Every structure is written in structure tokens, then in C-alpha cells.
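Chain letters run A, B, ... following the sequence lines, proteins first and then strands; every chain starts at 1. The shown structure was predicted, so the numbers you read here are calculated from the model rather than taken from an experiment.
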Amino acid sequence: MDFHNTLIKWYLQNKRDLPWRKTTDPYQIWLSEIMLQQTRVAQGMPYFFSFTKEFPTVFELANADEEKVLKLWQGLGYYSRARNLHKTAQFIANDLKGVFPPTYKELLKLKGVGEYTAAAIASFSYNEAVPVVDGNVFRVLSRYFDIESDIALPPTKKEFAQLAYELMPKEEPAIFNQAIMEFGALQCVPKSPDCSVCVFNGSCLALKKKKVDVLPVKSKKLKITNRFFNYLVLEDVLGNTLIQKRTSKGIWHNLYEFPLLETNGIVDFNFVAKTIREGILSSYTITALEECSHATVIHKLSHQHLHIQFWKVKVDENVVNGLNYNELKSFPFPIVIYNFIENEEKSR
DNA sequence: AATGCGGGGAC
DNA sequence: GTCCCAGCATT
């Protein structure tokens with residue numbers, strides 16, 4: 001039996017029931033695909049429900065404030081996805097009258113939509129015969145055909161796209177694309193796949209050559225940098241505190257945080273006391289400084305380890321633009337800060 | 001071509 | 001601890 005026939009048969013018998021598979025509405029397909037970039041289905045699912053409920057069409061999304069979009073995205077990570085999502089919604093609603101671009105080539109021009117996502121929308125919504133190449137496809141094809149090309153190198157993506165295109169039955173690209181990704185997600189998994197029950201265990205070259213555990217080949221190892229964040233949690237006599245938006249480039253762009261003192265290493269009480277007296281909070285009369293040692297955490301991003309300490313700073317004056325803990329909760333925060341806020345509120 | 005960008009799950 | 005997840009933008 002052909003590769004695609006075996007694959008599609010497997011898919012029809014084993015596919016998960018996922019909400020974005022019940023529609024061909026390009027808005028919902030687009031929404032789901034952006035959310036699932038570098039993100040597991042189980043993690044993205046609740047966000048898909050909250051977004052489709054809050055923003056049933058591209059117009060509601062376009063008309064929302066960015067802050068509201070980021071708030072709903074809170075916790076999902078890679079926040080540029082949410083910012084691009086919002087900008088693209090405005091473009092489609094305002095410039096395209098709500099009609100999504102009708103081809104792969106046109107979809108590719110949208111902010112936040114790359115080759116994978118354009119192919120996914122074009123095939124799932126329009127049944128256009130364009131192959132998807134994601135982490136699953138790399139894994140499935142590299143194993144089945146014993147391809148040792150380094151999947152971290154850009155030219156390799158073209159190689160796999162070409163191969164996937166040749167394997168694709170051109171009359172049903174949508175189901176083929178769904179099937180190959182689902183197969184990678186459920187059967188041909190990264191670690192210790194159960195090849196004894198695989199429908200391809202008679203033809204998979206990696207299995208035959210005992211190379212399942214070395215394929216796909218991926219070179220790049222990213223380097224981790226350590227950073228040291230001291231968050232200064234002001235508290236005035238009204239119980240109000242101060243937050244600010246991160247407007248600089250880098251992590252958590254446009255999310256909120258407490259006033260930040262970034263240092264080159266772990267710092268002690270005296271260092272923080274001296275710095276806030278002479279520096280960033282010198283306009284306040286500080287009546288107490290206390291390290292929230294119970295909240296100290298190493299927050300691990302994919303590329304940075306953030307050593308985070310929270311310091312409670314009690315001040316005599318009313319904090320300008322101060323907010324109470326209940327008001328805080330409507331702002332979008334990095335999840336590590338949101339967790340701190342929730343724990344503080346609970347312990348009151 | 002290389003790097004930055006989150007958070008979490010599986011092992 | 002490691003690896004990777006329905007990748008993309010920027011340089």
C-alpha cells in the first residue's frame with residue numbers, strides 16, 4: 001500500500017477529536033495554528049476556547065485592545081504571536097473587509113504566518129495542495145526514509161517540503177497534512193516510539209537500520225544565559241502597589257511587571273536597600289524593606305534562566321498611579337509574576 | 001545562517 | 001537535568 005493510503009487509514013482510525021478540526025473557517029484555523037506554534041495541543045486548547053468565545057470573528061479580535069489580547073494570551077508564551085495576531089486581525093478586518101487571503105502565497109504575507117502556518121491554513125481551509133513541514137513531519141519522514149539531513153538548517157526544510165509534496169495525494173491535501181502531523185504526535189513520537197505496533201514497521205528504514213533513536217538529526221544547541229531580577233513590590237498605606245509595562249525589546253514585550261532592579265548576580269538586603277534609597281525609588285520615604293524569600297524562584301525560559309527575587313517595599317506616601325491587588329489582575333503579566341500576585345493575595 | 005523568543009510536559 | 005512542542009521574525 002502507498003505511504004499516503006496507509007497513513008490516512010491510520011489517521012481515520014486514531015485521530016483525536018480536536019475543536020479546530022470541526023471547521024474550515026480560516027479565522028479559527030488561523031487562530032489555532034498560531035497558538036500551536038511550538039506549543040502542545042493540550043496547552044493550547046483552553047486558549048483556543050477562550051479566544052473563540054471572546055472573539056467569535058476576526059472583527060471582535062481586531063476591535064479589542066492589545067492589552068486584552070495579551071491578557072487572554074497570558075501564560076501561553078511567545079507573546080509576539082499575540083501581538084502579531086492582533087495586528088493581522090486588524091489588517092484583515094479593516095483592509096480586507098474580513099476576508100482572509102485566498103491562497104498559500106497570499107497568506108504567507110501575513111504577520112506571524114510563515115511557511116508552515118500558511119500551508120496549514122491553505123490546506124485545511126481551502127484544500128490547496130501545499131505540504132506542511134513542522135517538527136512532526138521532520139521526524140516522520142526522516143525516519144521512514146532514513147534522511148540524515150540536519151533539520152536545524154534552512155535548506156533541509158525545502159528538502160522535506162519537496163518530499164512531502166510528492167507523497168501528498170493532490171486531491172486530499174487537508175487530510176494528508178493532518179494525518180502526517182497526527183502520526184508524528186501520537187505514534188512516531190520523539191522518545192521511545194512503540195514501533196512494534198506501527199503501521200509502517202514493515203517499511204520504515206530507520207526501524208530496519210535501528211536508527212529510530214538517532215533520527216531526525218538536529219544540530220543546534222542553544223546557549224542559556226543567566227539573569228538576575230529583583231522585583232520591587234511597593235506597598236503604600238492604602239495597600240496599593242506599582243506596575244509598569246515592559247516596552248523594551250526582548251522578553252515579555254508589552255507585558256507588565258513590578259519595578260525591576262536587574263543585577264549581575266544574587267544580591268542581598270543591603271544592596272537592595274542602598275540601591276532603592278539612592279536610586280530608582282528615592283522619591284519615596286521607605287519605611288520597611290523585606291525580602292519575599294518564599295517567592296524566590298528560578299524561572300526557566302528556553303534561552304534564559306531568570307533568578308527572581310521579590311522585595312516588598314513599604315512606603316509612606318501614596319503610590320502615584322497605584323493599584324490594589326484586585327485591579328492588578330486585569331493586566332497581562334508574565335506567568336511567573338502573575339503566580340506571585342495570586343499567592344500574595346491568597347496569603348492576606 | 002544564527003539567534004531570540006515562553007511555558008510546560010515527558011522522561 | 002534533557003528534549004521538544006502544529007515556528008516566526010530579525011539580523
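- Within the structure, every pair that satisfies the ring pair (Phe, Tyr, Trp, His ring centres under 6.0 Å) test and touches residues 276-309 of chain A, not counting sequence neighbours, is listed here: A:Phe228-A:His307.
- Classification of A:Lys22 and A:Asp17 as a salt-bridged pair holds, one side-chain N sitting under 4.0 Å from a carboxylate O.
- Nucleotides B:dG9 and C:dC8 are separated by 23 Å at their C1' atoms, to the nearest Å.
- Using modelled atom types and a 3.5 Å distance limit, the side chains of A:Glu159 and A:Thr156 yield no donor-acceptor pair.
- Near DNA chain C, meaning a heavy atom under 4.0 Å away, the residues from residues 16-30 of chain A are A:Leu18, A:Trp20, A:Arg21.
- Heavy-atom distances to DNA chain C give each of A:Leu110 and A:Gly184 a nearest nucleotide, and the one nearer the 5′ end belongs to A:Gly184.
- Under a 3.5 Å cut-off, the side chain of A:Ser125 and the backbone N or O of A:Thr24 do form a donor-acceptor pair.
- There is a side-chain donor-acceptor pair under 3.5 Å between A:Gln37 and A:Thr117.
- The ring pair (Phe, Tyr, Trp, His ring centres under 6.0 Å) pairs that include a residue from residues 154-175 of chain A are A:Phe138-A:Phe160, where partners are two or more places apart or lie in different chains.
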inquiry  = For nucleotides 4-11 of chain B, give me one character per nucleotide, 5' to 3': B if any protein heavy atom sits under 4.0 Å from the base, S if the only such contacts are to the sugar-phosphate, - if neither.
reply    = SBBBBB--
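- Between the side chains of A:Gln74 and A:Lys71, at least one donor N or O lies within less than 3.5 Å of an accepting N or O.
- Nucleotides of DNA chain C that come within less than 4.0 Å of any heavy atom of chain A span, from the 5' end to the 3' end, C:dG1 to C:dA9.
- Taking atom C1' in both B:dC5 and C:dC4, one finds a spacing of 15 Å when rounded to whole Å.
- Look at the P atom in both C:dT11 and B:dG6: the space between them is 16 Å, to the nearest Å.
- No contact: A:Ser32 has no heavy atom under 4.0 Å from any strand.
- Between the side chains of A:Asn324 and A:Asn326, no donor N or O sits under 3.5 Å from an acceptor N or O.
- None of A:Phe100, A:Trp20, A:Tyr126, A:Phe124 except one satisfies the ring-ring contact (aromatic ring centres under 6.0 Å, His included) rule with A:Trp30; the exception is A:Phe100.
- Annotation: C:dA6 and B:dT3 have their P atoms spaced 25 Å apart (nearest Å).
- In this structure, A:Lys15 does not pair ionically with A:Glu182, as no charged nitrogen and carboxylate oxygen lie closer than 4.0 Å.
- Within the 4.0 angstrom heavy-atom criterion, only backbone atoms of the sugar-phosphate kind lie near A:Pro155; the bases stay farther away.
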Kindly list each side-chain donor-acceptor pair under 3.5 angstrom involving residues 192-202 of chain A, sequence neighbours excluded, with atom names and distances?
{"from": "A:Asp194", "atom 1": "OD1", "to": "A:Ser196", "atom 2": "N", "distance (Å)": "3.3"}
{"from": "A:Asp194", "atom 1": "OD1", "to": "A:Ser196", "atom 2": "OG", "distance (Å)": "2.6"}
{"from": "A:Asn201", "atom 1": "ND2", "to": "A:Cys195", "atom 2": "O", "distance (Å)": "3.1"}
{"from": "A:Asn201", "atom 1": "ND2", "to": "A:Ser196", "atom 2": "O", "distance (Å)": "3.2"}
{"from": "A:Asn201", "atom 1": "ND2", "to": "A:Cys198", "atom 2": "O", "distance (Å)": "3.2"}

